[in-house]
Amino acid sequence: MNEKDTAPAAGPPHFIRNIIREDLKTNKYGGRVHTRFPPEPNGYLHIGHAKSICLNFGLAEEFGGLCNLRYDDTNPTKEEVEYVDAIEADVRWLGFDWDDRKFYASDYFDQLYQFAVQLIKKGKAYVCDLSPDDIREYRGTLTQPGKNSPYRDRSVEENLDLFERMRAGKFAEGSRVLRAKIDMAAPNLNMRDPAIYRVKKVHHHRTGDKWCIYPMYDFAHGISDSIEGITHSICTLEFEDHRPLYDWFLDQLEIYHPQQIEFARLNLSYTVLSKRKLLQLVREGRVSGWDDPRMPTLAGFRRRGYTPEAIRTFAEIIGVAKRDSVVDIALLEHCLREDLNKRANRVMAVLRPLKVVIENYPDDLVEEMDAINNPEDPAQGKRKVPFSKTIYIEKDDFREMPPRHYHRLAPGQEVRLRYAYFITCTDVIKDKNSGEVVELRCTYDPASRGGWAPDGRKVKGTIHWVSVKHAVPATVRLYDQLFSKDDPNDEEEGKTFLDYLNPNSLQELKNCQLEASLSKAKVGVPYQFERLGYFCVDSIDSKPSDFIFNRTVALRDTWAKIEKKTQD
RNA sequence: UGGGGCGUCGUCAAGUGGUAAGACACGGGAUUUUGGUUCCCGCAUGCGGAGGUUCGAAUCCUCCCGCCCCAGCCA
């Protein structure tokens with residue numbers, strides 16, 4: 001028995017793990033496990049890709065195998081280097097490494113060309129002069145068989161000559177394609193003489209102007225897998241119909257044959273995960289860019305403050321199966337909170353400040369209160385938080401007319417200021433014109449320092465605060481779902497997904513006041529603003545003179561839920 | 001109406017003939033100087049439906065129903 005057999009299962013069983021275990025048992029690939037993650041560099045990676053990345057790299061890791069990064073760059077009209085760079089940064093950020101195994105389908109253009117020649121020589125491919133419209137016409141329909149192209153029976157010599165001239169740029173785009181000669185009556189449309197090379201007189205981001213013909217996905221992908229010695233070629237469900245073609249090319253060419261396995265792509269509630277739609281959001285300026293914190297892209301999640309660990313946990317927990325499904329975004333948020341709860345240090349910040357003057361507190365006294373950095377991690381120690389006569393509290397932590405079960409501040413009510421004192425509200429000052437509460441007058445109990453009453457009396461609520469003269473001002477961006485409909489892909493009559501954009505997905509609060517220690521806040525470090533949520537410094541817009549924080553995710557708010565329920 | 005897939009709790013998802021895991025969500029309770037965290041408890045006599053085989057069926061058979069994908073010289 002070797003190590004692989006005794007190693008504990010890294011995760012719950014799913015059909016692909018089962019297939020690999022079985023293949024290992026029967027020694028199908030000599031004990032190898034070799035996968036690949038094959039993005040097309042035509043957009044940024046999103047959470048759906050993360051599922052695939054975690055699957056492919058994760059499986060390789062789990063079974064002591066390898067996973068290649070391979071760009072499927074066979075269509076230069078859509079692909080750009082910007083995307084190549086972004087993809088690498090994202091995969092690395094997730095914590096995976098391809099070592100020296102970064103490949104491009106374009107690395108294989110010469111070999112691919114030779115394989116096409118081989119197919120022609122075998123009488124299994126031909127150059128077709130039909131126009132795109134005619135090809136569609138000849139293909140038939142779902143229920144009717146297609147008919148053979150009049151060019152289907154050209155001689156091998158003529159095909160070789162024509163294909164060579166295609167490569168040499170002698171023909172216009174759309175005038176000729178190389179097609180596989182399979183079966184125009186096949187019930188699977190993919191087998192009705194699919195195109196394998198087309199003329200595109202465009203510059204390729206890697207091969208420059210060397211080529212003016214480019215291979216199609218179906219031809220390039222399987223051969224690339226074969227060249228790289230891939231064992232399990234994992235892709236999404238829509239390629240299931242392409243598997244016979246994948247197999248056909250490899251069988252005809254008589255080369256090493258990996259197995260293609262399909263799984264259901266990820267769908268997330270309240271979001272869209274199609275490159276086309278995400279690109280549209282970016283191009284039309286509906287969001288600030290691919291890395292807008294509301295985007296489901298890895299770049300967006302990263303900027304928002306998500307951790308790679310949370311995303312990897314999520315990818316594991318959602319499972320892998322073949323049925324279409326929509327995962328509740330709440331599950332992703334759960335994985336996030338679970339991770340952040342362990343690693344984020346606590347800090348106090350007031351988002352919507354309400355000034356409170358503690359009338360019986362000495363005018364110029366400043367006390368340093370002891371605060372615990374992270375109750376989940378004692379190693380993080382303690383810090384000092386300055387306290388003084390005038391502080392800010394959260395507007396929402398005061399109600400002139402407190403509803404039932406409201407534990408916070410109200411006229412005549414006593415609450416605890418976290419790590420500080422018990423205070424009682426004695427007076428409410430309002431704006432003469434608007435009637436809005438602008439300031440509170442309170443008294444404190446000097447005996448309750450640190451938040452403990454020597455007489456043992458209890459106080460219902462504990463609220464956070466920031467000393468006015470020590471406060472660090474900041475802008476805080478609160479995010480909500482980009483779409484207000486649970487399935488924005490379900491476009492009703494006459495509407496598009498854009499009609500479901502949530503107008504309140506971004507709320508910017510300008511006058512926030514942070515605890516003094518936050519003046520040293522760094523990009524990339526998660527903070528929990530106590531009682532509010534997890535926040536991080538915005539990596540793009542924040543400046544020392546103008547602090548900008550993003551709310552990564554709010555804390556669970558049981559009170560909000562109760563209050564909402566009693567209102568309904 | 002051709003072909004390929006898929007239907008197990010509100011949402012994901014195990015289960016592969018021996019009598020429905022787990023997670024999220026939801027509801028209840030305990031602890032708590034975050035209405036956070038943590039901890040208990042509850043949550044499918046039922047596996048798309050109807051028949052059948054069997055001592056026994058989510059698992060096998062038959063028929064039916066529903067959903068997704070495919071007619072790019074996209075991937």
Side-chain angles (χ1 to χ4, degrees), chain A residues 12-14 18 38-40 42 72-75 77-79 128 130-132 135-137 139-146 173-179 186-192 194-200 213-214 216-218 220-221 235-244 262 264 266 269 275-276 317-335 337-338 341-342 346 348 371-372 375-376 405-408 415-420 422 450-452 459-464 486 528-533 554-563:
Chain A
H14 64 237
N18 295 343
E40 182 188 13
N42 68 342
D72 242 326
D73 57 347
T74 55
N75 185 0
T77 54
K78 289 187 178 175
E79 299 149 8
C128 181
L130 251 25
S131 69
I135 286 186
R136 192 182 317 121
E137 189 75 28
R139 187 157 31 226
T141 68
L142 294 178
T143 51
Q144 293 165 290
E173 286 183 24
S175 66
R176 284 188 165 88
V177 288
L178 181 70
R179 292 227 255 168
N188 179 344
L189 305 212
N190 294 124
M191 301 301 272
R192 320 240 263 227
I196 62 187
Y197 262 94
R198 74 289 214 191
V199 177
K200 271 183 190 288
I213 57 171
Y214 293 94
M216 298 287 290
Y217 164 86
D218 288 303
H221 198 86
C235 62
T236 44
L237 251 30
E238 66 271 28
F239 292 103
E240 211 148 21
D241 284 343
H242 295 240
R243 191 176 352 125
E262 311 83 12
L266 171 69
S269 61
K275 279 195 191 171
R276 196 209 100 219
I317 215 171
I318 56 175
V320 179
K322 296 192 70 158
R323 68 182 85 104
D324 292 315
S325 59
V326 181
V327 176
D328 191 341
I329 187 94
L331 184 53
L332 212 209
E333 294 182 339
H334 163 78
C335 294
R337 290 193 186 100
E338 187 178 56
N341 177 49
K342 287 180 299 189
R346 275 59 169 173
M348 291 195 282
I372 294 165
E376 305 295 320
H405 308 301
Y406 185 81
H407 297 173
R408 309 172 192 180
V415 292
R416 169 166 41 228
L417 293 177
R418 174 137 240 226
Y419 298 128
F422 285 8
W452 305 97
V459 96
K460 288 169 295 187
T462 299
I463 65 175
H464 57 95
D486 59 347
Q528 184 196 101
F529 289 2
E530 291 211 42
R531 305 208 306 132
L532 298 174
L555 248 29
R556 283 173 71 199
D557 192 346
T558 307
W559 167 246
K561 211 181 288 177
I562 293 168
E563 201 176 25

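All heavy atoms count here, side chains included; hydrogens, waters and symmetry mates do not. Note that this is a predicted model, so its numbers are computed, not measured. Order of the sequence lines fixes the chain letters, A, B, ..., with proteins taken first and strands second; residue numbering starts at 1 for each chain.
- When the C1' atom is compared between B:U54 and B:C61, the two are found 12 Å apart, to the nearest whole Å.
- Here B:G36 is the nucleotide among B:G35, B:G36, B:G3 with the atom lying nearest to any side-chain atom of A:Arg556.
- At B:C74, none of the side-chain N or O atoms of A:Thr74 fall inside 4.0 Å of OP1 or OP2 (strictly under the cut-off).
- Both thresholds, 5.5 Å between centres and 30° between ring planes, are met by A:His407 relative to the base of B:G35, so the two rings are stacked.
- Here the straight-line distance linking atom CE of A:Met348 with atom CG of A:Leu532 works out to 11.5 Å at 0.5 Å rounding.
- At whole-Å resolution of the value, CZ in A:Arg192 and C1' in B:G4 are 13 Å apart.
- If you check distances only, the side chain of A:Asn188 never reaches the base of B:G4 with a donor-acceptor pair under 3.5 Å.
- The ring of A:Tyr217 does not lie on top of the base of B:A75; it is either too far (5.5 Å or more) or too tilted (30° or more).
- Set against B:G36, B:G5, B:G2, the side chain of A:Pro187 has B:G2 as its closest nucleotide.
- Spacing of P atoms, B:C12 relative to B:A20, comes out at 24 Å, to the nearest Å.
- Taking NZ of A:Lys460 as the start and OH of A:Tyr406 as the end, the distance is 10.5 Å to the nearest 0.5 Å.
- At a threshold of 4.0 angstrom between heavy atoms, the contacts of A:Ile318 are confined to the sugar-phosphate backbone, with no base atom among them.
- For the C1' atom pair drawn from B:G22 and B:A13, the interatomic distance equals 8 Å after rounding to whole Å.
- B:C39 atom P lies 10 Å from atom CD of A:Glu338, rounded to whole Å.
- Of the C1' atoms belonging to B:U37 and B:U31, the separation is 11 Å, rounded to the nearest Å.
- Residue A:Leu532 contributes atom CG, which lies 9 Å from atom C1' of B:U34 at whole-angstrom precision.
- Across B:C12, B:C73, B:A13, the shortest atom-to-atom separation from the side chain of A:Val177 is found for B:C73.
- If you check B:G7 for Watson-Crick or wobble pairing at under 3.5 angstrom, you find it paired to B:C65.
- Listed nucleotides: B:C73, B:A13, B:U34. Nearest to the side chain of A:Ile135: B:C73.
- One can place CD of A:Glu137 at 16 Å from C1' of B:G72, the figure rounded to the nearest angstrom.
- A distance of about 29 Å separates the P atoms of B:C9 and B:G3, rounded to the whole Å.
- An OP1 or OP2 oxygen of B:G7 is reached within less than 4.0 angstrom by a side-chain nitrogen or oxygen of A:Arg323.
- For B:C74, the OP1/OP2 oxygens have a side-chain nitrogen or oxygen of A:Arg198 closer than 4.0 Å.
- One finds the CZ atom of A:Arg179 at 4.5 Å from the CD1 atom of A:Ile135 (value rounded to the nearest 0.5 Å).
- Nucleotide B:G72 carries a syn base; the chi torsion (O4'-C1'-N9-C4 or O4'-C1'-N1-C2) is within 90° of 0.
- Put simply, CZ on A:Arg337 is 8 Å from P on B:U37, counting in whole angstrom units.
- Taking atom P on both B:A50 and B:A58, the two are 13 Å apart, rounded to the nearest angstrom.
- Side-chain atoms of A:Arg337 come within 3.5 Å of backbone N or O of A:Ala554 as a donor-acceptor pair.
- Enclosure of atom CD in A:Glu173 by more than 12 non-hydrogen atoms of other residues, nucleotides or ligands within 6.0 angstrom is indicated.
- Side-chain proximity of A:Leu555 to B:G36, B:G35, B:C26: nearest is B:G36.
- Comparing the C1' positions of B:U8 and B:A14 gives a spacing of 10 Å, expressed to the nearest Å.
- For A:Glu238, the listed nucleotide lying nearest its side chain is B:A75; candidates were B:A75, B:U11, B:C12.
- Between A:Arg531 atom CZ and B:G35 atom P there is a gap of 5 Å when expressed in whole angstrom units.
- The CD atom of A:Glu240 sits 10.0 Å away from atom CD of A:Glu238, with the distance rounded to the nearest 0.5 Å.
- Contact annotation: A:Lys322 does not reach the phosphate of B:G4 (side-chain N/O to OP1 or OP2, under 4.0 Å).
- Residue A:Leu189 has its side chain nearest to B:C70 when only B:C70, B:A13, B:C74 are considered.
- A donor-acceptor contact under 3.5 Å links the side chain of A:Glu376 to the base of B:G36.
- OP1 and OP2 of B:C74 both lie 4.0 Å or more from every side-chain N or O belonging to A:Thr77.
- Of the side-chain N and O atoms in A:Thr141, none sit less than 4.0 angstrom from OP1 or OP2 of B:G2.
- Between the CD1 atom in A:Ile372 and the OH atom in A:Tyr419 there is a gap of 4.5 Å [rounded to 0.5 Å].
- In this structure, of B:G36, B:C68, B:C74, it is B:C74 that holds the atom nearest to the side chain of A:Asn75.
- Among the nucleotides B:C73, B:C74, B:U34, the one closest to the side chain of A:Arg418 is B:U34.
- Residue A:Lys342 has no polar side-chain atom (N or O) positioned under 4.0 Å from OP1 or OP2 of B:U37.
- Distance from the side chain of A:His334 is smallest to B:C24 among B:C24, B:G36, B:C12.
- For the pair A:Asp328 and A:Glu240, both in contact range of RNA chain B, the more 5′-proximal nearest nucleotide belongs to A:Glu240.
- Tested against A:Asn42, the residues A:Lys78, A:Glu79, A:Lys275 include a single side chain to side chain donor-acceptor pair (under 3.5 Å) partner, A:Lys275.
- Residue-to-nucleotide contacts include a donor-acceptor pair under 3.5 Å from the side chain of A:Arg408 to the base of B:G35.
- A distance of about 45 Å separates the P atoms of B:C39 and B:G51, rounded to the whole Å.
- Rounding to whole angstrom units, CG of residue A:Asp324 and P of B:C6 are separated by 11 Å.
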